[in-house]
Amino acid sequence: MEKLPKLLIVAFVLALAGCKSTPTGPEQAGAGVEERSPGAAPAAQPVEPSAVAKVTPAAPSGDAGIAALKDPKNILSKRSVFFEFDSFAIKDEFKPLIEAHAKFLLSHSTIRMLIQGNADERGSREYNLALGQKRADAVKSVLMLLGVKESQIESVSLGEEKPRNPGHDDSAWAENRRVDLLYSGEF
Amino acid sequence: MRRTAVYALAALLAAPGARAQLSIEISGAGANRIPIAIADFAGDGLLPQALSAVVRADLERSGMFRLIETGARPLSEAAAPDHAEWRSRGADALLAGSVSASGPERMEARFRLFDIQRQAQLGGAALAAAASQLRTTGHRIADFVYEKLTGERGVFSTRIAYVVKSAGRYELQISDADGMNPQTALASREPVISPAWSPDGRRLAYVSFEAKKPVVYVHTLATGRRHVVANFKGSNSAPAWSPDGSRLAVVLTKDGGSQLYLVNADGSGVRRLASSAGIDTEPFFSLDGQSIYFTSDRGGSPQIYRIPAGGGETQRITFEGSYNVSPRISADGKSMAFISRSGGRFQLAVMDLATRQTHVLTDSAKDESPSFAPNGRIILYATEIGGRGVLAAISSDGRVRQRLSVAAGNVREPAWGPFVNY
């Protein structure tokens with residue numbers, strides 16, 4: 001056997017299974033380091049291992065703590081607006097709901113609302129993300145017409161990623177073309 | 001020091017992420033497959049898996065080669081092959097090699113490729129690696145053979161990224177191009193979409209919903225270190241790397257509507273690229289970095305457009321049908337893969353950008369997220385079979401098909417990584 005060549009490149013992987021990192025902010029803590037140690041030129045080319053370190057983000061949690069928002073008898077507990085296929089128009093039946101939330105936001109100026117738009121599963125994920133955004137923006141426009149300050153609300157999209165109904169038919173898709181309203185502590 | 005590293009690698013390979021092994025089915029074959037004999041390597045029997053078997057599986061899977069029966073007798077690269085005998089068996093090329101232990105947990109592989117028709121040597125090499133890198137070594141040998149015999153670079157050493165969804169859990173995984181050796185880069189309870197490889201193959205940009213809204217991250221694979229590239233008010237999505245790796249095109253809604261922006265890879269210097277009254281999304285840089293292809297509904301239905309990377313006049317690229325999305329450009333800049341809807345079916349199509357001729361490549365109904373192999377020979381995409389998300393790959397001429405699936409989950413959002421420079 002030939003004399004073994006000196007090892008050149010060593011990937012030193014510290015982050016193994018069971019050693020999950022928990023992010024605390026946008027910048028993640030390093031889970032490992034890559035190390036190079038110099039040595040003599042090898043007789044053969046080394047095959048460089050390709051390590052992948054694992055990251056597991058924590059889920060946010062909390063509660064707005066205002067009873068009216070959870071009371072099933074109160075219109076404020078209704079949080080979803082549904083849309084027709086390929087449409088961003090808010091149907092008349094949802095106007096009282098949006099008006100009630102506008103009133104609540106106007107009287108609770110420290111509470112913020114996240115408006116999450118959604119789309120059904122058909123087609124491109126990124127295009128569906130943009131379609132969900134259009135729906136969320138439509139609800140945001142109505143809230144602002146009713147006097148809600150833009151600084152209090154944010155419209156975002158979950159696209160097709162969070163279907164309420166996991167089915168693949170017309171009735172499932174109708175449930176998934178929607179906007180959900182979330183208050184501080186719920187997102 | 002060396003031993004520690006080797007053990008750490010071995011442990012990594014045995015990490016729990018490996019349970020989501022992709023399995024592969026192949027159908028179809030190329031028109032003019034090159035007949036090649038790949039003899040068992042001397043020393044193959046000492047390995048947990050024969051090195052020559054890894055090389056054979058790679059070359060056969062490409063659809064470009066036909067394997068000639070070699071018998072069980074190992075053939076070392078040092079031996080002079082009997083050209084007349086191999087010619088009589090129908091081989092145009094012969095690969096011979098040997099493997100030996102070169103230290104604790106270390107191996108060395110040597111191989112030589114012969115042109116049987118011309119009775120000539122086509123070259124060979126010696127590769128040293130950790131014993132755990134057996135498959136990687138095999139892929140490198142397959143790349144060598146592929147390039148010598150087809151004139152194009154092989155993609156066997158490249159990696160793919162994809163997302164596996166199983167009950168309430170999303171894992172961004174990286175595997176070898178053959179679906180083996182999967183490793184989890186990110187495990188989250190919230191969705192992850194749109195992974196995009198940096199041109200150097202060290203980082204992935206992606207969209208994560210862990211903050212209950214879409215945020216764009218750049219994640220360094222070897223360290224797990226990541227940073228936010230775009231987390232503005234509203235949605236942040238659809239990252240695409242510039243070919244030099246310095247910038248990303250992204251879609252932001254901070255100024256109203258889904259619109260295209262450029263941002264430096266560290267998250268600084270965000271600036272608007274285009275303005276439209278409708279949706280602009282799914283940017284993708286041309287290889288020269290001069291233009292950006294994207295999807296827009298500015299004309300009333302989603303179609304593919306192109307804009308200079310410095311901003312300027314847009315040009316519409318697709319005209320047939322009412323839904324053409326997800327443009328991806330091949331590395332030679334000549335073709336564009338995209339998803340086209342016709343009769344309610346979403347199918348993978350490819351356009352010759354010079355002639356604008358379009359071919360639908362599949363007969364499936366829910367194709368998404370096409371991604372070219374770096375040599376342009378194969379397109380990887382997501383589709384659905386029996387209600388379950390799977391990855392499929394098709395040669396860009398439509399002849400060879402592969403399917404990759406995970407036993408316990410939905411696989412989606414594939415992205416084929418760049419060439420590996422070794």
Side-chain angles (χ1 to χ4, degrees), chain A residues 1-2 4-5 7 10-18 20-21 26-34 37 42-60 114 116 122-127 129-131 133-134 137 154-159 161-162 168 182 187, chain B residues 2 5 8-9 11-12 15-17 100 102-103 106 108 125-130 133 136-137 140 159 174 183-189 191 193-194 209-210 212-214 221-228 231 233-235 237-238 253 258 279 281-282 295 302 323 325-326 339 341 346 368 422:
Chain A
M1 198 200 313
E2 232 176 84
L4 63 117
L7 178 68
V10 175
F12 202 13
V13 182
L14 299 172
L16 299 175
K20 297 172 184 174
S21 66
E27 187 71 36
Q28 303 304 303
V33 291
E34 211 175 42
S37 48
Q45 313 156 44
V47 173
E48 191 176 4
S50 44
V52 173
K54 182 175 171 179
V55 173
T56 310
L114 185 65
Q116 290 179 331
R122 291 171 289 176
S124 149
R125 289 178 189 277
E126 282 286 355
Y127 191 69
L129 193 71
L131 291 179
Q133 184 71 35
K134 272 195 170 182
D137 286 345
E154 179 176 9
S155 57
V156 303
S157 179
L158 304 182
E161 307 306 325
K162 301 286 272 186
H168 308 287
L182 280 69
F187 58 88
Chain B
R2 175 189 303 153
L9 281 164
L12 181 76
S100 58
S102 58
R106 301 284 304 168
E108 183 171 311
L127 302 173
Q133 296 292 310
T136 309
T137 306
R140 280 185 57 176
R159 296 191 286 173
I174 314 299
Q183 299 178 70
T184 299
L186 181 77
S188 177
R189 293 169 63 179
I193 63 169
S194 306
F209 291 74
E210 65 208 60
K212 304 291 180 188
K213 60 176 269 188
L221 292 172
T223 61
R225 197 181 297 271
R226 61 187 194 144
H227 64 268
V228 169
N231 183 12
K233 192 168 184 182
S235 298
S237 69
T253 69
S258 297
I279 290 170
T281 189
E282 300 188 312
T295 304
Y323 192 101
V325 299
S326 310
I339 301 296
R341 183 182 67 193
F346 297 87
E368 288 180 9
Y422 31 75

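Chain naming here is simple, since letters A, B, ... match the order of the sequence lines and numbering starts at 1 in each.
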For [X] against [Y], the heavy-atom pair lying closest together:
X	Y	result
Arg122(A)	Tyr323(B)	O-OH, 4.3 Å
Ala53(A)	Gly224(B)	CB-N, 3.7 Å
Val156(A)	Pro214(B)	CB-CD, 4.4 Å

Non-hydrogen atoms of chain B under 4.5 Å away: do they reach the side chain of Ser155(A), the backbone, both or neither? backbone
With heavy-atom distances below 4.5 Å as the criterion, would you say the side chains of Arg226(B) and Val55(A) are in contact? yes
Please determine, among Lys134(A), Lys162(A), Arg125(A), the option with the most heavy-atom pairs under 4.5 Å with chain B. Arg125(A)
Residue, of Asp137(A), Leu129(A), Leu114(A), that accumulates the most heavy atom pairs under 4.5 Å with chain B: Leu129(A)
For Glu126(A), what residues pass the side chain to side chain donor-acceptor pair (under 3.5 Å) criterion, not counting sequence neighbours? Ser194(B), Ser237(B)
Max heavy-atom pair count under 4.5 Å with chain A, selected residue of [options]:
options	result
Ile339(B), Val325(B), Ile174(B), Ile193(B)	Ile193(B)
Leu186(B), Asn231(B), Ile279(B)	Ile279(B)
Arg159(B), Glu368(B), Lys233(B), Lys213(B)	Lys233(B)

Will you find, in the side chains of Gln133(A) and Ser235(B), an N or O donor that is under 3.5 Å from an N or O acceptor? yes
Proximity breakdown for Ser188(B) and chain A, heavy-atom pairs closer than 4.5 Å: both
